[in-house]
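Notes follow the structure.
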Amino acid sequence: MKVASYLTTPIYYVNDVPHIGHSYCTLATDTLARFARMQLGNNEVFFLTGTDENSQKTVDAAAKAGVSIEVYLKDMAARWQSTWDTIGISYNDFIRTTEARHVDTVHELFQKIYDKGDIYKGTYKGLYCTGCETFKKSSDLNEAGRCIDHPNQDIKHLDETNYFFRLSAYEKPLLEWYEKNPDWLQPRSKKNEIISFIKSGLEDVSVSRETAEFGISLPMDPAHKVYVWFDALINYYSGIRTPEREHFWESAFHIIGKDITRFHCVIWPAMLMAAGIPLPKGVFAHGFFTIDGTKMSKSLGNVISPVDLSVQYGNDALRAGLLSSFEFGSDGDFSAENFAEFYRTKLAGGVGNLFNRVTVLITKFCDGQVDLNNAGLDLKPEFEKFESLLEQKQLKGAYDFYFATVDAANQRLNETEVWKLAKIDADAASKIFTELFDYLVLLSEMAVVLLPESAPKMRAMIGLEGKVGAAQIMFDSGRTDK
RNA sequence: CGCGGAGUAGAGCAGUGGUAGCUCGUCGGGCUCAUAACCCGAAGGCCGUUGGUUCGAAUCCAACCUCCGCAACCA
């Protein structure tokens with residue numbers, strides 16, 4: 001099988017506000033899901049996203065907002081979900097880690113690993129930062145002995161009983177796994193990084209919190225709560241625990257940001273090995289982008305809202321602009337200026353104008369009827385090229401190819417000067433019109449994956465049986481002036 | 001000696017041994033079917049620095065300079 005049928009995004013931390021970085025990851029996954037549906041059929045693909053909710057910070061945020069934890073979480077999760085709805089994400093299910101189906105699965109896996117002997121009780125001594133929800137080394141603290149990222153919170157000296165996951169036992173199995181499955185983690189640079197990390201030695205990791213007031217209780221010791229990331233990773237498995245979905249697991253594929261590669265490519269596979277569950281088909285770690293060359297941050301105020309861009313330019317522009325501006329798997333940059341330029345040149349001047357001019361031409365000179373008996377163009381190789389790019393997850397490559405196809409059609413138009421030809425030699429012109437029509441059909445088919453919101457409009461313009469529909473504006477070049 | 005990535009035309013990037021490419025921008029021309037859009041052409045690069053390997057290096061090796069991420073839970 002060339003494409004995975006079960007695709008996941010990370011579950012996003014519920015306290016955050018969805019920003020353009022999250023959207024990038026989710027749109028990339030959405031594109032792969034749409035492509036998988038094209039290849040395998042709608043019912044053969046399952047796309048999961050969701051929210052990560054079992055955190056101490058949730059309790060604090062709810063208290064600050066003056067609402068119950070349940071209400072707070074429900075509101076925040078709804079906010080994420082509506083963002084994805086607004087920007088046109090075709091997820092099949094949205095999982096929340098406070099849902100019973102997830103809690104049950106976490107209990108089940110935790111128990112399994114415990115029974116196997118790979119979770120054991122021990123003591124952890126250390127400095128703990130509530131802000132990071134992690135233990136700190138003294139070298140991580142500032143002069144005042146506080147966390148660099150959360151200088152306003154006290155560092156706690158914890159000496160608590162914890163349950164540990166025997167990650168150290170999986171050093172060898174993991175290395176063997178990577179040896180046998182060289183393409184499991186992409187891109188390659190990330191794989192090398194992970195392998196050298198594993199080789200540097202793995203230590204057992206704490207998987208419970210005694211002091212946490214909110215979270216999933218350990219099945220064998222309810223006073224302890226499961227450590228958030230241990231619970232979070234399991235969401236991918238929780239999401240398909242129904243009879244009709246179970247078969248998806250064997251073809252699971254995780255799309256993640258490069259920052260969480262270690263969790264997904266060291267701990268998660270080790271957890272699954274311990275629980276006796278087959279590993280997913282693969283993981284892809286994408287890169288991060290800066291905004292106008294600067295790292296995105298709330299304090300700098302350069303965080304861009306995906307919803308704002310969607311409102312101004314439309315969902316297709318948002319996804320195409322993000323996914324085509326730099327290679328999937330590399331880091332890049334995104335700027336409002338470049339985005340407006342992309343919209344104006346590639347979408348309005350390229351795709352939109354081509355559909356408009358061809359539709360108008362055919363309407364004007366052939367009364368809207370294309371002669372499908374003409375030989376036309378054999379564009380099958382072009383479509384195969386498109387498929388091969390997406391199979392390799394070259395999202396930017398696929399968009400570049402799309403726009404190159406637009407250019408090819410425009411060139412054909414200009415070199416044949418069909419608007420002159422139509423007045424002199426109607427038969428010759430008819431053949432060219434059929435060719436141009438074939439280009440539009442190809443572009444509308446690829447748009448199902450790359451420009452899904454525009455695809456129906458394209459089909460409407462192409463019409464049925466060679467009878468083109470009315471021309472319409474898909475990408476208004478005037479929009480950039482707003 | 002913490003780990004990793006990057007330095008190629010005005011901007012953003014591709015290019016892992018054999019005459020420097022792409023997108024956008026700029027300039028000139030063409031066309032007038034089209035969303036002031038489309039097509040053609042041109043200018044513009046000692047491929048970070050220095051040294052080395054080679055018949056030949058943006059591409060391999062060494063050193064150095066600069067920038068940027070990460071350093072167990074922000075995509």
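Each chain gets a letter, A, B and so on, in the order its sequence line appears, and its residues count up from 1. Heavy-atom basis, side chains included; hydrogens, waters and symmetry copies ignored. This is a predicted model, so every value here is computed, not measured.
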Cation-pi, A/Phe355 ring and A/Lys457 (6.0 angstrom, 45 degrees)
no
Categorize A/Phe342 for me: base, sugar-phosphate, or nothing, with a 4.0 angstrom heavy-atom threshold over every strand shown.
nothing
Touch check for A/Ile255, heavy atoms < 4.0 angstrom, all strands: base, sugar-phosphate only, or nothing?
nothing
What nucleic acid atoms does A/Asn356 come within less than 4.0 Å of, heavy atoms only: base, sugar-phosphate, or nothing?
base
Once you apply a heavy-atom cut-off of 4.0 Å, does A/Phe197 come out as touching a base, just sugar-phosphate, or nothing?
base
Using a 4.0 Å heavy-atom cut-off across all strands, classify A/Gly352 as base, sugar-phosphate, or nothing.
base
Looking for any heavy atom pair under 4.0 Å, which part of the strands does A/Gly257 touch: base, sugar-phosphate only, or nothing?
sugar-phosphate
Determine the contact category for A/Tyr24: base if any of its heavy atoms lies under 4.0 Å from a base atom, sugar-phosphate if only primed atoms, P, OP1 or OP2 are that close, otherwise nothing.
nothing
With a 6.0 Å cut-off on the ring centroids, do A/Phe365 and A/Trp419 count as close?
no
Would A/Lys225 and A/Asp231 satisfy salt bridge (charged side-chain N to carboxylate O under 4.0 Å, His left out), going step by step from the backbone distance to the final call?
CA-CA 10 Å; A/Lys225 300 283 192 283; A/Asp231 124 45; over 6 Å; no
Base, sugar-phosphate or nothing for A/Phe475? Non-hydrogen atoms, less than 4.0 Å.
base
Return the value, rounded to whole Å, for the distance between atom CG of A/Leu354 and atom P of B/rU32.
19 Å
Please step through side-chain contact (heavy atoms from CB on, under 4.5 Å) for the pair A/Phe197 and A/Cys265, ending with a clear verdict.
CA-CA 11 Å; A/Phe197 175 72; A/Cys265 301; over 6 Å; no
